[in-house]
Visitor: 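Pasting in a structure now, in structure tokens, and then I'll have a few things to ask.
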Amino acid sequence: SLHDALPILEASQLAWARGRHTEAIAALRKGLQDAFPFICEAWQANDAQAALAAATKLEPDAKKVCWRGKLLLAQYLEEASSVAQETIQKNYVQAVNLDKNSADIYFRYARYLDKNIQKFSDDAWLQQAEIISSTCTFYLKSTMRGPQHLHHCLPRLLSIWLDLAATLQDAQARKNKDNSLCAALDHASSSLAKLALTMRDRVRKAPSYYLLTAAPQLVSKIGRAHV
């Protein structure tokens, strides 16, 4: 029941804090399954629409417990490094789909994606420009839903955006580009243009003090020769 779910979440957090990671993950999975069986069944069947339909029937407090548990599970799986990246990402996406108004969910998911793209080579940045653009978008969505993660989200959003632009500019200046690189450049240019439009739209709606927190970083970036 939902009444039993909160103690299970707390017990899972306690087990994790004590280094009993496998126990924490197992307890969290069981707690979610017992409290939200229909949603969990839909997740296991990879039926996002059924999971969403089941979630809409929950009371607000129950829904919050559900997404908190799913988000915590995604974080634990990520930190434990015991499952495939695809599984970790799936858990984050399932949490995102449960609540589109949580700054915390968008922040955690963006930070997960961010950690992965930091491992990319320059060429991978071009080939995976859509993922990089999505990372920026999720950081942006977090800031638009509250300022609690602003001081992390905004600097990373700007750094990724400007680094992608610089990588694209450097690649465009290469000589003797092959067909594969040309295709990657076209894809990256399209992703960057879409991201710029999204940012322009969201910035207009953002409180003015958001931009003040970004001023030092923007001055530093603009002062560099390659930007």
Visitor: Which salt bridge (charged side-chain N to carboxylate O under 4.0 Å, His left out) pairs, counting each pair once, include a residue from residues 73-99, with sequence neighbours left out?
Guide: E78-K115

Visitor: Give a yes or no on whether the ring-centroid distance for Y106 and H149 is below 6.0 angstrom.
Guide: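 Centroid distance Y106-H149: not below 6.0 Å, so no.
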
Visitor: Any link between L73 and V93 through a network of hydrophobic side chains (Ile, Leu, Val, Met, Phe, Trp, Tyr) touching at under 4.5 Å?
Guide: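 Yes; V93 is reachable from L73 via cluster members.
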
Visitor: List the atom of A129, the atom of A188, and the distance in Å for their closest heavy-atom pair.
Guide: CB-CA, 3.6 Å

Visitor: Taking atom CG of L98 and atom CD1 of I39, what is their separation to the nearest 0.5 Å?
Guide: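 The CG atom of L98 sits 6.0 Å away from the CD1 atom of I39.
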
Visitor: Apply the side-chain contact (heavy atoms from CB on, under 4.5 Å) test between L195 and each candidate in T135, T137, I132; give the one that qualifies.
Guide: T137

Visitor: Treating Ile, Leu, Val, Met, Phe, Trp and Tyr as nodes and any side-chain heavy-atom pair under 4.5 angstrom as an edge, say whether F38 and I8 lie in one connected cluster.
Guide: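 Not linked; separate clusters.
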
Visitor: Does the side chain of Y109 pick up a donor-acceptor pair with the side chain of Q89 at under 3.5 Å?
Guide: yes

Visitor: Taking the six-membered ring for Trp, are F107 and Y139 parallel (under 30°), tilted (30 to 60°) or perpendicular (over 60°)?
Guide: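 If you compare the ring of F107 with that of Y139, the planes turn out tilted.
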
Visitor: Calculate, to the nearest 0.5 Å, the distance between atoms CZ and CD1 belonging to F120 and I131 respectively.
Guide: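 Answer rounded to 0.5 Å: 5.0 Å.
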
Visitor: Between atom CG of L181 and atom CG of N179, what is the distance when rounded to the nearest 0.5 Å?
Guide: 9.5 Å

Visitor: What heavy-atom pair brings A74 and N91 nearest, and what distance separates the two atoms?
Guide: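 So the two residues come closest at CB-CB, 3.8 Å.
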
Visitor: For C182 versus K177, what's the shortest heavy-atom pair and its separation?
Guide: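 Minimum heavy-atom separation between C182 and K177: SG-CB, 4.0 Å.
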
Visitor: Report the residues that fulfil salt bridge (charged side-chain N to carboxylate O under 4.0 Å, His left out) with R18, sequence neighbours left out, ordered by chain and then residue number.
Guide: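 Scan of R18 (salt bridge (charged side-chain N to carboxylate O under 4.0 Å, His left out), adjacent residues dropped) gives none.
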
Visitor: Is it true that L52 and L71 fall in one hydrophobic cluster, defined by side-chain heavy atoms closer than 4.5 Å?
Guide: no

Visitor: To the nearest 0.5 Å, how far apart are SG in C66 and CD in E59?
Guide: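 These two atoms lie 13.5 Å from each other.
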
Visitor: So does R111 pair up with D104, basic N to acidic O under 4.0 Å?
Guide: no

Visitor: Assert yes or no for the condition that the ring centre distance of H21 to Y76 is strictly below 6.0 Å.
Guide: no

Visitor: Indicate, with yes or no, if L14 and L28 share a hydrophobic cluster defined by side-chain heavy-atom contacts under 4.5 Å among Ile, Leu, Val, Met, Phe, Trp and Tyr.
Guide: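 No.
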
Visitor: Decide whether D123 and Q127 meet the rule of one side-chain donor and one side-chain acceptor closer than 3.5 Å.
Guide: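 Per modelled atom types, D123 and Q127 side chains form no pair under 3.5 Å.
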
